Participant: 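Please find one structure pasted underneath; my questions will follow.
All values derive from a computational prediction rather than experimental measurement. Within every chain, numbering begins at 1; the chains are lettered A, B, ... in the order of the sequence lines, protein sequences first and strands thereafter.
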Amino acid sequence: MNHPLSLYNTLTRTKEKFEPLQPPFVGLYVCGPTVYGHAHLGHARPYITFDVLRRYLQHVGYKVRYVRNITDVGHLQNDADHGEDKIQKLAKASQLEPMEVVQQFTNSFHQDMARLNVTPPDIEPRASGHIIEQIEMIQEILDNGLAYESNGSVYFDVPAYNQGHNYGKLSGRVIEDLLANTRELEGQEEKRSPLDFALWKKASPTHIMRWSSPWSEGFPGWHLECSAMSRKYLGQQFDIHGGGLDLMFPHHECEIAQSQASHNHTDAARFWVHNNLITINGKKMGKSLGNFITLGELFTGKHELLQQAYSPMTVRFFILQAHYRSTLDFSNEGLQAARKGYLKVMNGLRILDQLQYPTGATAVDAKAEEEIKKLTAELFAPLADDLNTAKAIANLFNLLKKINSMHTGGFKLETISEETFKQMRTEFRTLVQGVLGLKEEQTTDAQALLNVVLGFYKEAKEVKDYAKVDVIRAQLKGQGIVIKDMKTGIDWAYEE
RNA sequence: GGUAACGUGGCCGAGUGGCUAGGCAGAGCUCUGCAAAAGCUCGUACAGCGGUUCGAAUCCGCUCGUUACCUCCA
């Protein structure tokens, strides 16, 4: 298991060589969605990015346990009204059970991910299913003197924690600066310091999502679930924690603090990896800004900003064509270019399947051999350098040119050895399908194709070319389809 | 205001001291019944100004512009 994967670690702000704690096992935790709405293009990015990371780790031989949570107990909405559970708010409005809302959006999320060919995580824990673990964790933090109870709620004591630890180590914040810039928000009188955050919140009488705890009927704080669930399934310390850049502060910072404060004072994860955001007209795409396009809208083209529908693989390719740590700007032009690029790769894949190495070839040319070997070796190399999918795809196109030439005859296959040819074929396929996770999409409509054939059938009948008519009938029958000549026209049926 | 990024050819987007990124769009050529696909060739890009260096898109400084986080958000 010796390979040179380096990853950018937000904790150290440098690229570091990746070494698992217990090779060959790798524990990977990624913050999952809060299921109070349909997933949008911005959501696609981390899940595709970390899907590729997971696939790559597996490709180089690691055994990965990938945990991605579903947050379904609701994040507090900290706007003008005191803080209301988003899921609960929606549930009231539509007269649904909160869990019904959660299930709907969870199903929708799963569907979108499947279409994007994102492999499901190995464990997908729900926050609502881990209330006990979260309560336990709060108790530990209380026992360590780093949290306090206030009117039925429990708050994390940031200044106390900061005495022995470094609150802000991940996001580069300094506690004094944070204090100097704190805004006065309502409903904060229970806190000792404005920086303190809730571990447990006492439920108001109208709040329906509530659980019993030693402190009150209430619900867990909005950073706790990730700490509790990552620990449960990956241990006190694990290898990689991923998520969007916008979660770095406060979410991930709080996660680190909670984890440190509740157990052995070890960092929860050794590598903190953050993907950058998707922008639209240069601005972050986000729920709060209302400038998002859901994946469903993207796939159907039903959104005022969309000139056309973009298939899931187009979206995947679009995202992978940029490095995960750069912002990526949405545009129709960008998506359309991605679509063409994606189709080019798919055409290449088809051609590769058709290529056959000639038997008894003996015209190996050292230069050609070397060239293909080099291009092949360059396919995976960029992924080892902080998962540079953009460069890997660029290298893919460079090899694809040669493959296309092999197909059209400009590049004689026998000028490379069979071994090199097979290696090239395997690596190209593995990169495209196995690691980048690009799959062929059925872009053609079977019914439309059938109509074309029926058109020829009709023409043949009209000119009484019965030989051709018979051939068409026989061929279609071979496909399980029978032609029906009716007075009203030509139709078809499945052969019964 | 604090902190952190970014500014690359028509568009998207890699690259972080010398070696062609790549895709899309555009032009020309080859192939071709026509077309398409494919291949080949082409654009003398690195916000501006100054500095370091034999050499900078890449390092340093300043200026301008954009963004993110600091409040739920992937």
Participant: Show me the dot-bracket string of RNA chain B, counting Watson-Crick or G-U pairs under 3.5 Å, with | for pairs to another strand and [ ] for crossing ones.
Facilitator: (((((((..(((.....[...))).(((((.......)))))....(((((..]....))))))))))))....

Participant: Atom NZ of A/Lys15 to atom C1' of B/A14: distance rounded to whole Å?
Facilitator: 12 Å

Participant: Between B/C24, B/C69, B/G13, which nucleotide gets closest to the side-chain atoms of A/Lys344?
Facilitator: B/C24

Participant: Listing request: all ring pair (Phe, Tyr, Trp, His ring centres under 6.0 Å) pairs with a residue in residues 300-338 of chain A, at least two apart in sequence or in separate chains.
Facilitator: none

Participant: Measure the acute angle between the ring planes of A/His251 and A/His223, then classify it against the limits of 30° and 60° as parallel, tilted or perpendicular.
Facilitator: tilted

Participant: Roughly how many Å apart are B/A4 and B/A37, using the P atom of each and rounding to a whole number?
Facilitator: 50 Å

Participant: Counting heavy atoms from C-beta on, name the nucleotide in B/C70, B/G22, B/A14 closest to the side chain of A/Gln321.
Facilitator: B/G22

Participant: Measure the distance from CG on A/Leu335 to C1' on B/G13 and round it to the nearest whole Å.
Facilitator: 14 Å

Participant: Within the structure shown, what part of the strands sits under 4.0 Å from A/Arg45 by heavy-atom distance: base, sugar-phosphate, or nothing?
Facilitator: nothing

Participant: Which part of the nucleic acid does A/Ile278 contact within heavy-atom distance under 4.0 Å: base, sugar-phosphate only, or nothing?
Facilitator: base

Participant: Assess the side chains of A/His110 and A/Glu124: does a donor N or O sit below 3.5 Å from an acceptor N or O?
Facilitator: yes

Participant: Between B/U66 and B/A27, how far apart are the C1' atoms? Round to whole Å, please.
Facilitator: 33 Å

Participant: Tell me which nucleotide among B/A21, B/C69, B/C72 gets nearest to the side chain of A/Ala394.
Facilitator: B/A21

Participant: From the set B/A68, B/A4, B/C11, return the single nucleotide nearest to any side-chain atom of A/Arg13.
Facilitator: B/A4

Participant: Any salt bridge linking A/Arg173 with A/Glu253? Criterion: basic side-chain nitrogen under 4.0 Å from a carboxylate oxygen.
Facilitator: no

Participant: In this structure, how many angstroms lie between the C1' atom of B/G13 and the CD1 atom of A/Ile319, rounded?
Facilitator: 14 Å

Participant: Closest approach to the side chain of A/Thr408, judged atom by atom: which nucleotide of B/A38, B/U67, B/C73 is it?
Facilitator: B/A38

Participant: Of all the choices, B/C70, B/C11, B/G23, which nucleotide is nearest to the side chain of A/Phe249 once you look at every atom?
Facilitator: B/C70

Participant: How many whole angstroms separate atom CD1 of A/Ile70 from atom C1' of B/C73?
Facilitator: 16 Å

Participant: How many whole angstroms separate atom CE of A/Met248 from atom P of B/C70?
Facilitator: 10 Å

Participant: Using a cut-off of 4.0 Å on non-hydrogen atoms, how would the nucleic acid contact of A/Lys284 be classed: base, sugar-phosphate, or nothing?
Facilitator: base

Participant: Are A/Phe271 and A/Phe18 close enough that their ring centres sit under 6.0 Å apart?
Facilitator: yes

Participant: Of the candidate nucleotides B/C72, B/G13, B/G2, which contains the atom at the shortest distance from the side chain of A/Pro250?
Facilitator: B/C72

